[in-house]
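Worksheet for the structure shown next.
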Amino acid sequence: MNLSEHSSILIVVIPLIASFVNIFLNFLQRKLCYPFFVLVLGICVALSIDILCQVINFGVLRYRLGGWMAPWGIEYVIDHLNAYLIVIVSSMSFIVAIYSKDSVKKEISKAKLPYFYSTYLLLATGLFGITVTGDIFNLYVFLEIASLSAYALVAIGEKRSVLASFHYIIMGTIGACFYLLGVGYIYIITGSLNISDLTRLLPSLYESKVTLTALAFFIVGIGIKIALFPLHRWLPDSYTFAPSAVSAFASATVTKVGIYVLIRISFTLFEPKFLIEMTPLSNILIWWSTIAIFFGSLIAIGQKDFKRTLSYILIAEIGYMVFGINIGNKEGFIGAVLHILNDSLMIGCLFMIAGGVFYRIGSRNIEDFNGLNRNMPITMAAFTIAALSMIGIPPTAGFFSKWYLIVGAVKAGYLVSAVILIFSSLVNALIFFRILEKIYFTKNENTPMYNFRELPISMMIPIVITALAILIIGLYSGEIISSVIKFSLPKGF
Amino acid sequence: METVIGKYNYWIYIALMMIGFYAMIAKRNLVKKIVGMNIFQTAIILFFISTAYKKDATIPILIKSQEVIDPAKYINPLPHVLMLTAIVVMVSTFGVALAVIMMLYKQYKTLDEDEIIEILRKKK
Amino acid sequence: MKFFALIIVILTGAVLIYSTLDMPDWGDPNSPASLHVSPRYIEKTIEETATPNAVTSVLADYRGYDTLGETTVIFTAAVVCILLLRRFEDDKTL
Amino acid sequence: METSISIKPVLAIAVSAVSAFLIAITGEKLRNLRETWSILASIFKFLIVVSMLPDILCGKVIEYCLFRITSELILHFRIDALGLFFAMTASFLWIITSFYSIGYMRGLNEHKQTRYFVYFAITLSATMGVAFSANIFTAFVFYEIITIATYPLVAHKETEEAKKNARKYLAYLLSTSVAFQLTAIVLTYCLSGNLYFSKGGNLSNDISSSLLTITFLLYIAGITKAAIMPLHSWLPAAMVAPTPVSALLHAVAVVKTGVFMILRVVFYIFGVDLLKSLNLETVLAVVASFTIVAASVIALRQDNLKLRLAYSTVSQLSYIVLGAALLSPSALKGSIFHIIAHAFGKITLFFAAGAIYVTTYKTKISELDGIGKRMPLIMASFTIGALSMIGVPPFAGFISKWYLSVGAIESDKIFVLAILAISTILNACYFMPIVYVAFMKKSKDSKYNGINEAPIFVLIPTVLTAVLTLVVFLCPHPFIKLIILIVNQTFGG
Amino acid sequence: MIRLYDDLIIQTVCRIMIPLIQLFAFYVIAHGHYSPGGGFQGGCILGASFILMVIAYDINWMKRRFSEKKNTLLMAFGVLIYALVGVLCILLGAEYLNYGILNKIIPTDSVKVRALGTLIIEIGVGITVMAVMVSIFLNLTTFGKHEKGEV
């Protein structure tokens, strides 16, 4: 029996089982919960890398659950895009898991930590499940697992977070319901739920109104889940008031997986030509996301609260990705998929730093960042790297995805959007250099609050790792593109 | 007339969905929002179930395994299965939402969104 | 606000109802849904899973993995309720 | 022209980066060791650069491909005569400046000297990077690094004013480079498919002229370091920095980087024929001439010595741009010679200004009455620098003006001669009064009479550079030889 | 002790009803193969019986018979059964949740054993659903303060 041929299912099942076992451990030996939790996510990272290697070496992986043939049973289909996403999600969840050790202690009561770890694992499970599955209804189930745990993780933050979580629940449920309606419509006219089966069946039905409606509902539903601009209302509050570990994890993974689902629905379930040529949808989405970028950046300037600023920047970044996907040429798609990785690193790193600062000075207000480099030089160095990457200064990672997006926009002739992209990087420059100036060139008046040292090592290491990753991955973007992303291009690009 | 006969079930369920949807986005009382959520999801479930129905067919439990089985005689089991899942999801979401609402009530001693926002603004 | 909501709702409903026109009629035994995947469940349930109740066999066997997910969902709900509401005795902070 | 692969360029860049690291870890305690590092680094760098001279002189080109990031974005070095010329100027003057800065920083015992030296070294490496870069992407990367690395130097004082000016500095350089230059690079890529500097131009003639025009203008607007009006006002703002910074970076390294990149764009991206056919060189010439005159006029009204020098820099830089815009061999000769002539002259002036500040804390010209009697050597060298700027024989400035005039006649743009004449007069008008008050007027405060010169570390470099301006005039042949080589390589004659 | 809201009739009826309800719940779980029913339905009925206890008596009375710790453990245990059956299938060399392979350890043919596997996971589901219902009910009705006792 060879485990590596099962790794595509194990990556979902292992964190799942771990989340149950965590409950037992809570009653047996509470101290073991955290090590176990981190260990499991470490195993997930190993598995995900194994999956990626398998995909690169042997091409698409298919796994028939319960041994049933595809349209009747559920099957997992893993191509380069999934594998890439799995690696991102697993490694970010692992890194943030390390980070959560100390940061969570201040925000959640000791007795509840095991339940927190279980929920965290369930969120990871949900995300993995969404990523690997090849069945639209199975995707919905795991979407709900992820969403439920995300609602809870948001709600255990500070006082305001509960209301935020409630809005998240309402919006998220609307999104899920729309997705489910889309599934229903597709099912009624095809009778199948399996993505590759549907890819075969749908082209004959492109004329039907039902198909178009289904696609529209899919897109709106996912648009809510990824907080595309007018539907973003739940995101800033949730990520601002959630525990810092949670906001780091969620911001780095949840929205990215949403983007992945969008890609799957629009380019695998349907053919690219349906979205791009036969319907105006991609054109609508391009302008929609351009607006998202513009307003996300614009609103981000005005914010006092650092985490809130980051949330709005995240909204703009989501706009980038949706834009890149829908341009409909090679560069744009590459840029978007590359940006999924870079953005999850940058946003994750920045949210972790925000959490670290909050951990020390108990404030998220940008005004209180004065002279922090005296107290936490390493963290602030990491912050500088992440900030430069956000602005898109080469050779940090952020530049390259932005480069491809802009080239794609110019080649496809969307010059306005290109200008907006550049505008938003200028806005990032404004925001981040304002903060950097406070950090490095302003003396802090209220010294008593600031007599502390660097972060605890368990929070420092993840931040440093991500910061270094931003630098290194930037240099190897070419590798990533040629070995992974190139193969995930939809046909016709 | 044909279409009305053929499609009225969908229309009823869609009307139900929209009632729930309206409650979710328009009502200011948190519990009413949740109730709207339930109506929405229930309507979707009914919608799915109705797609499973075939004229003069029975529930998909095969009495005698010997006879040659004609699928047209039994209604489509798949939507029922999916909806079992959807029901459970709905219940779980409902539970979580209720828990959050109770936390909110503990904090603000009210269930009206406007009042809560008012309280928050005062705090600022 | 309410008016705005009403507009959205009506639009959504209109789109949904408009697209039902292309759907198979209610109870049509030849609708794609009842012809493509589901017949096998009904025909083969006994010889493949020895379970006369097709719903159960699909639920627990053909699409058993969905059911695992759904059980996980409800488990999640419980964990979440404990995480959010439960206040333990040995709990100082809350 | 045959090429030879060699790692020397990387070494030349690395040496100061390494020294920056060493300086950082040595720190404030062992200041002597720290400054030894920076001196050693400067000397080594110069030696490495010079060691490449023989190959270049016999017409070779040195190449080194550092890193292929993606298929088109490649960190690639290629050293031709022009690059080497610029590199030699900068690295040679760094030796002198590092002595000077020791004297200056210690004389005023400034704070945060370590940071100062670190970023100084980094800036120099980045300058080398621009000088050696083989494609516009590499140049852009190092251009941005320079911007970021000089920001701490400008904000060095950490006073409100310093921070305000640093903000302005960054706003101008970063925003223009991200907004315009990056766009121009993207357009270049989309139009020509590669980003390399190639002899006779990279862009071909068969593209719509409007796009080419836009690209060119974006380049001119984007390379703000050349301080072409109206995007010049970051340079006066940068004068809050310590004088050595203004002397080396904002009279030689940084600003010349800008000019250098404009030369690259004009001759190696667009090429003479294309520009002539689009007749864009006239635009450039007009802008440059306007800058020359306007900046000189503004300089007249400055009372702060460094500000007056800054505006004079703005006008002098446009000489070089003008020389490029004339697109004739001897004009190019003149403009390249002006790089070195202006470098020596202006650095002398700044050194002198710094010396005055160190010894007497005077910054205003109105306070300088009789300063010449107190520090005759310094003021003597100031006079030499001034004369060279005006272009009086026997000083370096004369030669470049000579060639420029010849070039103007060659490419019959007679109005350029007029411009040169006017600016010469204006130069005289704003430099001579200083010399006059310095020597002729009686000193107001009678405390000091008799000689007290600046500290030795400050004095010697000043005199040295002054002497060099003379030497360059007396035996220009080695430079001319190299310059002729450059002109041949550029015009392919 | 007798409290105000204790009602003899209700309590007695419940004493008689609850075992029957639970018995019926087990029937529904077990008979899911042949009639409408299965893990979820049975689990709900089983959970309802415990909730009935709480309504008729009070939480502590119920907890004396069925402690919270046990409940939480069962909650995890039920779904753990489900997941582990799948893992068992992998260990026996088939795909995840492919019960057919279980006949390596259970002596029946590979079709009957599928029904058996179905039964096992139905039981797991039933356990989980029951425990989850009780747990959610308790937390919601008491704001998470079980120890007070009253509903």
Side-chain angles (χ1 to χ4, degrees), chain A residues 9 13 16 19-20 23 65-66 68-69 71-74 108-112 115-116 118-119 122-123 125-126 129 133 135 137-138 141-142 144-145 148-149 151-153 155-156 162 165 178 181 185 187-194 197 201 205 207-214 216-217 220, chain C residues 8 11-12 14-26 28 30-41 44-45 48-49 57-58 60-94:
Chain A
I9 177 73
V13 171
L16 184 61
S19 66
F20 313 141
I23 304 287
L65 285 150
W68 295 110
M69 288 304 295
W72 294 279
I74 297 167
I108 299 168
S109 70
K110 213 157 168 308
K112 282 184 180 174
Y115 296 98
F116 169 78
S118 288
T119 322
L122 285 167
L123 177 51
T125 315
T133 189
D135 182 288
F137 189 79
N138 190 249
V141 173
F142 280 95
E144 280 298 337
I145 297 177
L148 282 181
S149 27
Y151 305 147
L153 289 174
I156 55 177
V162 185
S165 165
F178 275 29
L181 263 174
Y185 272 46
Y187 180 73
I188 285 181
I189 54 167
T190 62
S192 172
L193 293 168
N194 179 289
D197 191 29
L201 290 171
L205 297 162
E207 302 313 316
S208 147
K209 305 184 199 68
V210 184
T211 323
L212 188 54
T213 319
F217 271 76
V220 173
Chain C
I8 292 177
L11 282 178
T12 325
V15 172
L16 285 172
I17 288 179
Y18 176 65
S19 58
T20 52
L21 298 178
D22 284 3
M23 286 184 181
D25 286 356
W26 185 35
D28 172 12
N30 301 326
S31 64
S34 46
L35 291 183
H36 178 36
V37 174
S38 56
R40 168 168 176 171
Y41 296 140
K44 297 255 172 65
T45 173
E48 282 182 347
T49 67
S57 67
V58 176
D61 200 341
Y62 289 98
R63 297 186 68 89
Y65 190 63
D66 266 349
T67 314
L68 175 59
E70 126 194 42
T71 322
T72 314
V73 169
I74 197 163
F75 170 79
T76 315
V79 171
V80 165
C81 280
I82 296 174
L83 181 65
L84 292 185
L85 288 175
R86 186 81 173 94
R87 278 168 297 164
F88 297 98
E89 292 310 289
D90 60 341
D91 188 339
K92 304 291 162 285
T93 53
L94 284 170

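Protein chains get the first letters and strands the later ones, always in sequence-line order, with residue 1 at the start of each.
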Under 4.5 Å, counting heavy-atom pairs only, tell me which of A:Ile156, A:Thr211, A:Leu201 racks up the most with chain C. A:Ile156
Please classify the contact between C:Phe75 and chain A as side chain, backbone, both or neither, with a heavy-atom cut-off of under 4.5 Å. side chain
Apply side-chain contact (heavy atoms from CB on, under 4.5 Å) to residues C:Thr72 and C:Leu68 and explain how you reach the verdict. CA-CA 6 Å; C:Thr72 314; C:Leu68 175 59; 4.3 Å; yes
Side chain, backbone, both or neither: which part of A:Asn194 has an atom under 4.5 Å from a heavy atom of chain C? neither
Side chain, backbone, both or neither: which part of A:Leu122 has an atom under 4.5 Å from a heavy atom of chain C? side chain
Check each atom of A:Leu181 against the heavy atoms of chain C and say whether the ones under 4.5 Å are side chain, backbone, both or neither. side chain
Pick one of side chain, backbone, both or neither for A:Tyr151, based on which atoms fall under 4.5 Å of a heavy atom in chain C. neither
Ring pair (Phe, Tyr, Trp, His ring centres under 6.0 Å) involving C:Tyr62 - partner list, sequence neighbours excluded: A:Trp68, C:Tyr41
Test item: A:Trp72 side-chain N/O and C:Arg40 main-chain N/O as donor-acceptor pair under 3.5 Å: no
What part of C:Leu16 is in contact with chain A, defined as an atom under 4.5 angstrom from a non-hydrogen atom: side chain, backbone, both or neither? both
Answer key: most heavy-atom pairs under 4.5 Å with chain C among A:Ile9, A:Asn138, A:Leu65 is A:Asn138
C:Arg63, C:Glu70, C:Met23: which one forms the most heavy-atom pairs within less than 4.5 Å of chain A? C:Arg63
Is A:Lys112 reaching over with its side chain to a backbone N or O of C:Arg86, donor-acceptor style, under 3.5 angstrom? yes
Would the distance check show the side chain of A:Ser118 and the main-chain N or O of A:Ser19 forming a donor-acceptor pair, the cut-off being under 3.5 Å? yes
Which bit of A:Leu16 comes within less than 4.5 Å of chain C, counting heavy atoms only: side chain, backbone, both or neither? side chain
With a 6.0 Å cut-off on ring centres, are A:Phe137 and A:Phe142 close enough? no
For A:Leu205, is it the side chain, the backbone, both, or neither that has a heavy atom closer than 4.5 Å to a heavy atom of chain C? neither
Closest non-hydrogen atom pair, C:Ser34 against C:Asp28: OG-O, 3.8 Å
List the atom of A:Val210, the atom of C:Ser19, and the distance in Å for their closest heavy-atom pair. CG2-O, 3.2 Å
With sequence neighbours excluded, what pairs up with A:Lys209 under the salt bridge (Lys or Arg N to Asp or Glu O under 4.0 Å) test? C:Asp22
Under a 4.5 Å heavy-atom cutoff, which of A:Asp135, A:Thr125, A:Leu148, A:Leu212 has the most pairs with chain C? A:Asp135
What heavy-atom pair brings C:Leu84 and A:Ala155 nearest, and what distance separates the two atoms? CD2-CB, 3.7 Å
Contact part of A:Thr190 toward chain C, heavy-atom cut-off under 4.5 Å: side chain, backbone, both or neither? backbone
Largest heavy-atom contact set with chain C, pairs under 4.5 Å, which of A:Val141, A:Ile23, A:Thr133: A:Val141
Pick from A:Ser165, A:Gly73, A:Ala214, A:Ser192 with the largest number of heavy-atom pairs that fall under 4.5 Å of chain C: A:Ser192
Could you tell me which portion of C:Thr76 (side chain, backbone, both or neither) has an atom closer than 4.5 angstrom to a non-hydrogen atom of chain A? both
Where is the tightest heavy-atom contact between A:Pro71 and C:Val37, given as atom of each residue plus distance? O-CG1, 3.6 Å
Between chain C and each of A:Phe217, A:Phe178, A:Phe116, A:Tyr185, count heavy-atom pairs under 4.5 Å; write down the option with the most. A:Tyr185
